[in-house]
Amino acid sequence: MEEIDYDEVVRRIGYFRNKANYSMRKASEGIDKNPQFFKTIENKSIELKVKTLLAFCKLVKIKPYEFFYLGKEYSEE
């Protein structure tokens, strides 16, 4: 089983955000954060809180376990 590190979490934020067709700005506003919030997350300027990750999962309509799933269904493309 692969391990997941923080860089992978950040990469998945971008993947699922794009898959749901959200810009960084739209995703930030969707969880009531300032328009640049996801830019700071994806640039690793600030660390993601669990509460924020859960709000993000709800926004892009995935379950937290889907975010962390490491099987064949997850793709970088």
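Note: hydrogens, waters and symmetry copies are ignored here, and every other heavy atom, side chains too, is used. None of these values were measured; they are calculated from a predicted model.
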Which atom names give the shortest non-hydrogen contact between [X] and [Y], and what distance separates them?
X     : Y     : result
Arg17 : Glu42 : NE-OE2, 2.6 Å
Leu54 : Pro64 : CD2-CG, 3.6 Å
Leu53 : Ile13 : CD1-CD1, 3.9 Å
Asn34 : Ser28 : O-CB, 3.1 Å
Phe16 : Glu66 : CZ-O, 3.9 Å
Arg25 : Gln36 : NH1-NE2, 3.8 Å

Quiz item: Is the ring centre of Phe38 less than 6.0 Å from the ring centre of Phe56?
Solution: yes
Could you grab the distance from atom [atom1] of [X] to atom [atom2] of [Y], nearest 0.5 Å is fine?
X     : Y     : atom1 : atom2 : result
Tyr69 : Arg12 : OH    : CZ    : 10.5 Å
Lys51 : Ile31 : NZ    : CD1   : 10.5 Å
Leu48 : Thr40 : CG    : OG1   : 10.0 Å

Quiz prompt | Asp7/Lys44 under side-chain contact (heavy atoms from CB on, under 4.5 Å): CA gap, chis, key distance, verdict | solution = CA-CA 8 Å; Asp7 288 341; Lys44 300 177 201 156; 2.7 Å; yes
Self-check item: Lys26 charged N/C atom sitting above Tyr22 aromatic ring, 6.0 Å / 45°
Solution: yes
Self-check item: Flag side-chain contact, heavy atom, 4.5 Å: Cys57 against Lys63
Solution: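 A side-chain contact under 4.5 Å is absent here.
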Practice problem: Verify side-chain contact (heavy atoms from CB on, under 4.5 Å) between Ile62 and Lys19, making sure each step is shown before the conclusion. | Solution: CA-CA 11 Å; Ile62 61 171; Lys19 186 175 179 185; over 6 Å; no
Quiz item: Should we say atom CG of Asp5 is surrounded by more than 12 heavy atoms from elsewhere, each under 6.0 Å from it?
Solution: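 Buried by this count: over 12 neighbours within 6.0 Å.
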Quiz item: In terms of hydrophobic clustering (I, L, V, M, F, W, Y; side-chain heavy atoms under 4.5 Å; direct or indirect links), are Val50 and Leu59 co-clustered?
Solution: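 No, Val50 and Leu59 fall in different hydrophobic clusters.
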Quiz prompt | Exam field: side chain Asn43 to backbone Ser45, donor-acceptor pair closer than 3.5 Å | solution = no
